[in-house]
Each structure stands twice: as C-alpha cells, then as structure tokens.
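A short worksheet on the structure shown next.
The analysis underlying the following values was restricted to heavy atoms, covering all of them including side chains, and did not include hydrogens, waters or symmetry mates. Values in this document were obtained by computation on a predicted structure and should not be read as measured data.
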Amino acid sequence: MSRIALRGSGLVKRYGDVVALDGLDLEVRAGECFGLLGPNGAGKTTTVEILEGLTPPDRGTVEILGRTWTEDPRGLRERIGIQLQETQLAEKLTVLETITLFRSFYRKGLDPAEVMRIVQLEDKESAWVRKLSGGQKQRLSLAAALVGDPEILFLDEPTTGLDPQARRQVWDVIADVKARGGTVLLTTHYMEEAERLCDRIAIVDRGKVIALDTPAALIAGLGAEHVLEIETESDVDLPRLRGLREVHDLRRDGATLSLTVREVHRAIPQLLAELDAQSVALTRLTTHHATLEDVFVSMTGRHLRDN
C-alpha cells in the first residue's frame, strides 16, 4: 500500500458567516501528482493554505510526511516547496541570484545550476527578473519552490495566463519532480492539464470533496463515453429526450442541451427522429468524447472556469 504523504481530516474553516470548508477529508499518496479541482469559492485555496501551514483550520487535523505543523513547523518547511498563484520577486536580481537566494533558506537542496536546467532558464542566468517574460517569471517562481529539493511540491494554478509552450514547459517540470520521487499537489483551471498530469483528482464543491478517483475512473463514472451537444429553434420536450434508449444523462446549459450517450452512431438517429416527431428544428449538433469537464459539470452544475 502506498505511503500517505499528506492528510487532511475533518477540516473546517469559517470566515464570518461563510463556511469555506465543511469537514473536508483528503489523502495524497507519496509519489503521485494529485489534482484539486473546483469552481471559484469551492474551498480549494483554503484547503491548500491549511495543508501548507499558512492558515490554521478552525477544526480538523493536518499531517504532512508523518508530522503536524504544531510538532515540527521548521522541519516541515525544509521538506516542502510552494508556488503561489502570484509570486513577487526582487526585480533587480538576476535569475541566478534569485535562485541562489532561495537556496540559502534551506540547510540542503539542489544546486542552482541544476534548478535552472530543470526549469529551462540556463540561457537567462544573468538576466534581471524585470526583463523576463511572464512565462519565464512563472518558471523562476517554480525554481524558487524547487531549489530546496522538496518531498512535496504545492502548485496553485501554476500555468494560469501562460501560452501553450510555456504551459508545457511547466508540465515538464512537474514530470521531472515525479521522476525524482517527489509528490505534487496541483490546483488548476485547465481540465486538459489535470487529465494529463494527475494520477488522482479530487473535485471540491461547497467545502467538501464530492468525488475522488483517477481521471479515467471519474470519466467512466458518467456511464457513457460520448457527449452530444445540440441547439434547437424551439423548446424541446426534455423528458422524451431523456427517455431515449441511448441517452444516459441530459443537462441544459443556457441554449445548449448536452446528452451523455453510449454509442454515437445509435444515439444520433434516435435523437433526430425524436426531434422530428416533436417538430423541432435542429440548429447545431456537435459530438466529443466525455471529458473531465463533463464530469465536473455533471457533479457541480457549473463549469470549472465559471465565476
């Protein structure tokens, strides 16, 4: 059985009348990339801040690498790395000076030159921080989190705002951390990122974990492999659509109806025949394989990037 790298049990956090966490339970195994997904206000950032030791819970316990924050705060700080959503770095230091500064905070860790190689900033060694692009600054903040050679790396939306090339460079860094035996806790607003990087994913909504499994198992839990999205000129009799043999689930999102179906080649003829029987004209039809986004919307009723 895999060793547990971090555990949060019965976590409760209130801000006045707002309940951010409502008895949340979470376990992350050593060596895995664990994803934490949820709409804005679901409790993700509060969960991460409590696990990182930055915010105390009102109730519940946190265990990191077999220790608690009250028992050994300095020792645990030496064993974790944290990249926040936004990191303010000294703009008149060079890349090498910045990484060397952060390396000085730890009794042991990685050589700054090795960290620059990992984050692909070797050619920017002498560049000032203020001269770096957004993607390069993001990789530099990753370097600051990595230079202590952490056993657990916390990444809070590390690729938000990055172009596709810079995003994939961050993905390479995460793969490198895992290859060296590290554990990664990742929050992200990108479903493709979560599906590609994470061994397991927890979906958080209203302060609780409402689903936890591998990406493949979560998608399989929908009960069907494909999603049809349609728009029509007039209202549809939804109970009759739900009653179609190939339709596993149906939901409305504005003007779009999404039907989770088992076999597209059987579902589409059934759908077209039913719309014709209802004298409803179809204006748009698209199909795609079921994704984590479909799982998320099915469970929360919201898209991941909804406000």
Side-chain angles (χ1 to χ4, degrees), residues 3-8 28-34 36 45 47-56 62-130 132 135-159 169-187 197:
R3 180 171 60 91
I4 300 301
L6 64 90
R7 176 186 288 115
V28 178
R29 299 166 185 160
E32 75 175 337
C33 180
F34 188 94
L36 202 59
T45 297
T47 299
V48 172
E49 289 178 349
I50 288 174
L51 295 174
E52 292 169 341
L54 300 178
T55 301
V62 172
E63 188 177 296
I64 307 288
L65 300 167
R67 308 288 289 172
T68 69
W69 284 111
T70 54
E71 291 173 331
D72 188 19
R74 174 58 192 267
L76 287 179
R77 293 268 173 241
E78 293 275 349
R79 301 172 69 184
I80 69 171
I82 299 173
Q83 185 193 29
L84 305 175
Q85 287 185 31
E86 294 185 14
T87 303
Q88 297 298 322
L89 300 170
E91 295 201 337
K92 292 188 177 180
L93 292 181
T94 66
V95 167
L96 178 58
E97 289 170 341
T98 300
I99 298 174
T100 302
L101 172 64
F102 277 85
R103 172 63 185 86
S104 71
F105 300 155
Y106 299 90
R107 284 187 284 250
K108 57 183 180 179
L110 302 176
D111 183 88
E114 180 183 359
V115 177
M116 281 191 292
R117 177 192 60 76
I118 292 172
V119 301
Q120 301 176 43
L121 284 176
E122 309 102 302
D123 60 339
K124 295 294 181 180
E125 174 181 333
S126 301
W128 284 7
V129 170
R130 67 181 177 88
L132 300 178
Q136 290 165 345
K137 287 180 179 178
Q138 194 80 329
R139 281 183 279 139
L140 180 57
S141 69
L142 251 181
L146 289 170
V147 75
D149 196 17
E151 294 173 57
I152 302 177
L153 179 63
F154 292 91
L155 301 177
D156 196 359
E157 298 186 23
T159 63
Q169 288 172 331
V170 173
W171 292 1
D172 290 341
V173 172
I174 294 173
D176 185 86
V177 171
K178 284 191 61 184
R180 291 186 288 109
T183 303
V184 180
L185 178 64
L186 169 74
T187 73
L197 296 177

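Side-chain N or O atoms of Arg139 include one that pairs as donor or acceptor with a backbone N or O of Val119 at under 3.5 Å. Judged purely by atom type and a 3.5 angstrom limit, Arg77 uses its side chain to pair as donor or acceptor with the backbone of Gly53. In this structure, Gln138 contributes its side chain and Pro158 its backbone to a donor-acceptor pair below 3.5 Å. In this structure, the side chain of Thr187 engages the main chain of Glu157 through a donor-acceptor pair within 3.5 Å.
Annotation for Cys33 and Ile174: closest pair SG-CG2, 4.2 Å, computed over non-hydrogen atoms. Between Pro150 and Ala145, the closest heavy-atom pair is CG-O, 3.5 Å. Contact record, Glu78 with Phe105: OE2-O, 3.9 Å, taken as the closest heavy-atom pair.
Summarising the geometry, atom CE belonging to Met116 is positioned 13.5 Å from atom CG belonging to Leu146; distances are rounded to the nearest 0.5 Å. Rounding to the nearest 0.5 Å places CD of Glu71 at 8.5 Å from CG of Leu76. Expressed to the nearest 0.5 Å, how far CG of Leu185 lies from CD of Glu32 amounts to 9.5 Å. Atom-to-atom distance recorded for Leu96:CG and Leu101:CG is 11.0 Å, nearest 0.5 angstrom. One distance of note links CH2 of Trp69 with CG of Leu54; it measures 7.5 Å at 0.5 Å rounding. Distance check, rounded to the nearest 0.5 Å: CD of Gln136 to OG of Ser141 gives 12.0 Å.
When each of Thr87, Leu132, Leu89 is checked for a side chain to side chain contact (heavy atoms under 4.5 Å, CB included) with Lys137, only Leu132 meets the rule. Considering Val95, Val173, Val147 in turn, Val147 is the only one that fulfils the side chain to side chain contact (heavy atoms under 4.5 Å, CB included) rule with Val115. Of the options Leu36, Ile152, Leu6, a side chain to side chain contact (heavy atoms under 4.5 Å, CB included) to Val28 is made by Leu6 and by none of the others. With respect to Thr47, the side chain to side chain contact (heavy atoms under 4.5 Å, CB included) criterion is satisfied by exactly one of Ile50, Leu51, Thr45: Leu51.
Using a cutoff of 4.0 Å between basic side-chain nitrogens and carboxylate oxygens, Arg117 and Glu122 are not scored as salt-bridged.
You'll find the side chain of Ile4 reaches within 4.5 Å of the side chain of Arg29, heavy atoms only. Between Leu140 and Lys124 the shortest side-chain heavy-atom distance does not fall below 4.5 Å.
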Mind listing the side-chain donor-acceptor pairs of residues 175-184 below 3.5 Å, one per line with the distance, residues two or more places apart or on another chain?
from: Asp176; atom 1: OD2; to: Arg180; atom 2: NE; distance (Å): 2.9
from: Lys178; atom 1: NZ; to: Asp199; atom 2: OD1; distance (Å): 3.2
from: Lys178; atom 1: NZ; to: Asp199; atom 2: OD2; distance (Å): 2.7
from: Arg180; atom 1: NH1; to: Asp149; atom 2: OD1; distance (Å): 3.0
from: Thr183; atom 1: OG1; to: Gly31; atom 2: N; distance (Å): 2.8

